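Pasting in a structure now, in structure tokens, and then I'll have a few things to ask.
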Amino acid sequence: MTESTKQAAPVADAAPATGRRDVRALLQERWQWLAAAALVAAVCFAPFQLVPFRVFQLTMVLVYAVALLGLNLLVGHAGQISLGHGAFFAVGAYTSAILLHDHGLPHLVTLPFAAALAFVLGLGLGVPALRLRGLYLALVTLAIAIFLVPLIKRFESVTGGAMGLTLEKPVPPAWTGLAEDQWLYFLALAVTALAFASVYGLLRSRVGRALHAIRDNEAAAEVMGVKLSFYKTLAFAWSAMLAGVAGCVYTWTIAFVAPDSFTVTLSITLLAGLVVGGLGSMAGPVLGGLFVVYVPSLSQDINKGAPGVVFGLLIIVVMLVAPTGLAGLAGRAARSTRKVLQKERRNA
Amino acid sequence: MLEVADLTVRFGGITALDGVGFSVARGEMVGLIGPNGAGKTTLFNCLTRRYDADEGTAGYEDIDLLRAAPHAIAALGIARTFQNLGLFPALSVRDNVLVGAHHQGRAGFLGAGLWLPNVRREEARLRAAADAVLDRLELTKVADHPAAGLPFGTLKRVELARALAVEPRLLLLDEPVNGLSSGEVEEFAALVREIRQDLDITVVVVEHHMGFVMSICDRVVCLDFGRKIAEGSPDEVQRDPAVIEAYLGTAA
Ligand SMILES: Nc1ncnc2c1ncn2[C@@H]1O[C@H](COP(=O)(O)OP(=O)(O)O)[C@@H](O)[C@H]1O
Ligand SMILES: [Mg+2]
């Protein structure tokens, strides 16, 4: 064993064992890191192995994962509800589209504007949301989503009305040697990684604990010094901002925006995707993104007439089999695998 | 340290507190007793700004407590436990305790989202302090367990740990040993005594368990139907005819 591996795996090193046992011990102690490394490798190699349409699909998974990450912050972590997150997604998408179309800004430069506008709107709507809870909050946020489509159509001169806006996709820099779809994928991947890292940092600080405390017991949270109005409003704003970021990357990816892409159905799909993926977990938004992108296209293959029916039925099935969502199911599977491994180790 | 005067709280037709007044000196341990519905929890809820008082005042270290914001109570050095447990069920025991230390942190959304070094330092500091509290209350073993699913006696200790993480000068305990076995009650009494000595905390405790109250309180206040009917040393209050009457009245 070299010096560096000794330092990296002190626990595995401590076990008196042969080479074979060493490997297994290493696998058990470090499986999370190994799994993460394998995932990173797969995620980076995928666009080189797949046809452009498949790469496009994966890019859309990332777009939805970011939107769901934002929704999860509000719903899964802070325990509030939003049936209108499609509206913030649309605001991000249109902000980017208009800046690209009318002002010719570079794609990446549109991102902070999309994020900022969605954040400000989220902040503005977070204030009335303070006074509401449960069903009332659901209705008000739903109303926002309903209002949005006619609003976009009304301001035709800026938004292109019902016809929408057609845009250019980001051009990959020559030094990368990447194709258009691959470049887009990596842009989306970078945004997704940053968004997840940021939310992860937030959740393991006192901010994340305050949100969880509000979700679990508002009165006790307040007695412990958590200022409810501050945390709820900012959770709303951050959540909206992430949806706006997702909308912006959506615009880069599709290179076209039209009001009919942002109907109430989008908001409801987002919430359904999150619940199926798993509320309140880091993996939930990714699994939800996979579900939202792949299930409709799979169900189209199964039944051409009614993909919506298959989608809906699958949501029901997942909720019956795994009430904590796919992330909960995966967690349970990982725990039982670990138990089996541990038992094996004891017997060995 | 705490001066309550003429405190009155009404809910519709019910007068839950009716002109209650008493004071607690620094370092004292005061028992608050009285039959169910006497208004003891309502008094705590007033002091921690869960309820608004209709009349009266509550002064705490020269501050008008009744004008403080509900979330500002912890930063004033006041912590409480709840009669029916007010924990965060999905959070681990450690995170429950860490929420108690919330007001000692500064981290905001942006700083935490950007992984700023000062946020990480603060987090390390809060965690070390929380671990010390967990250790003191013998909760280290269950620190990573979600609060939901732990035995009731343990949850009572977790709530005390969370209150201590506030680093309070005034601690309000609402029926801390209700539902515990007699062995656990004695342990809890020893724990409270020890904490009081070590940390120099003033305590007001609501409790029906007379043995517990008599063994750890310096002074006892008795409420009945929202009025103060007796106040004095544990012995005096226990022998007070009005107190005996109040308790017999409910027992009958
Ligand atoms: N939020 C509330 N709404 C209406 N009545 C209440 C409320 N809280 C307490 N009360 C009433 O106030 C009285 C005192 O209750 P409480 O303070 O809980 O008594 P104790 O803690 O001494 O058993 C009771 O009659 C109770 O029903
Ligand atoms: Mg009570």
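None of the values given here were measured: they were computed from a predicted structure. In the text below, chain A, chain B and the rest are named by the order of the sequence lines, each starting its count at 1. In what follows, every heavy atom counts, from backbone to side chain, and hydrogens, waters and symmetry copies are set aside.
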What is the distance from atom CZ of F109(B) to atom CZ of F230(A), rounded to the nearest 0.5 Å?
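Going from the CZ atom of F109(B) to the CZ atom of F230(A) covers 6.0 Å.
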Can you tell me which portion of V199(A) sits under 4.5 Å from chain B's heavy atoms? Options are side chain, backbone, both or neither.
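Looking at V199(A), nothing touches chain B.
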From R127(B) atom CZ to R204(A) atom CZ, the distance as rounded to the nearest 0.5 Å
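Reported to 0.5 Å precision, the distance equals 8.5 Å.
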If you count every heavy atom of other residues, nucleotides or ligands that lies below 6.0 Å from Y200(A) atom OH, does the total exceed 12?
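For Y200(A), atom OH is not crowded (no more than 12 foreign heavy atoms under 6.0 Å).
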For chain A, which residues from residues 138-154 of chain B have at least one heavy atom closer than 4.5 Å to it?
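Under the 4.5 Å heavy-atom cut-off, nothing qualifies.
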Look at atom CZ of F113(A) and say whether more than 12 heavy atoms of other residues, nucleotides or ligands are closer to it than 6.0 Å.
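Incorrect, the count does not exceed 12.
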Can you measure from CZ (R206(A)) to NE2 (H103(B)) and round to the nearest 0.5 angstrom?
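With rounding to 0.5 Å, CZ (R206(A)) is 10.0 Å from NE2 (H103(B)).
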Under 4.5 Å from any heavy atom of chain B, what part of R215(A) do you find: side chain, backbone, both or neither?
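For R215(A), the side chain is the part near chain B, not the backbone.
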Less than 4.5 Å to any heavy atom of chain B: does that hold for the side chain of A221(A), its backbone, both, or neither?
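Both backbone and side chain.
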Kindly check if the number of other-residue, nucleotide or ligand heavy atoms within 6.0 Å of CG (L320(A)) is above 12?
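Yes, enclosed.
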Just distance, no hydrogens or angles: give the donor-acceptor pairs under 3.5 Å from side chains in residues 271-288 of chain A, sequence neighbours left out.
unit_1: S281(A); atom_1: OG; unit_2: A283(A); atom_2: N; d: 3.4
unit_1: S281(A); atom_1: OG; unit_2: G284(A); atom_2: N; d: 2.9

Can you check whether R162(B) reaches M224(A) side chain to side chain, under 4.5 Å on heavy atoms?
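R162(B) vs M224(A): side chains touch.
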Which of residues 38-71 of chain B get closer than 4.5 angstrom to chain A, counting heavy atoms alone?
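Answer by number: R50(B), P70(B), H71(B).
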Would a distance-only check, ignoring hydrogens and angles, find a side-chain to backbone donor-acceptor pair under 3.5 Å from W115(B) to A197(A)?
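A pair under 3.5 Å: yes.
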Which residues, numbered in order, of residues 72-96 of chain B come under 4.5 angstrom of chain A by heavy-atom distance?
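The residues closer than 4.5 Å to chain A, in numerical order, are A74(B), R80(B), F82(B), G86(B), L87(B), F88(B), P89(B), A90(B), L91(B), D95(B).
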Taking all heavy atoms of A112(B) and all of V207(A), pick out the closest pair and write down the distance.
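Looking at all heavy atoms of both residues, the closest pair is CB-CG2, 4.5 Å.
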Under 4.5 Å heavy-atom distance to chain A, tell me which part of V99(B) shows up: side chain, backbone, both or neither.
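It is both, since atoms from each part get that close.
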Is it the case that over 12 heavy atoms from other parts of the model lie below 6.0 angstrom from the CZ atom of F119(A)?
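Enclosed: over 12 neighbouring heavy atoms sit under 6.0 Å from CZ of F119(A).
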List the atom of H102(B), the atom of A210(A), and the distance in Å for their closest heavy-atom pair.
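Here H102(B) and A210(A) meet closest at CE1-CB, 3.6 Å.
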Picking from N217(A), L203(A), L228(A), L194(A), which has the most non-hydrogen pairs under 4.5 angstrom with chain B?
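Maximum pair count with chain B is reached by N217(A).
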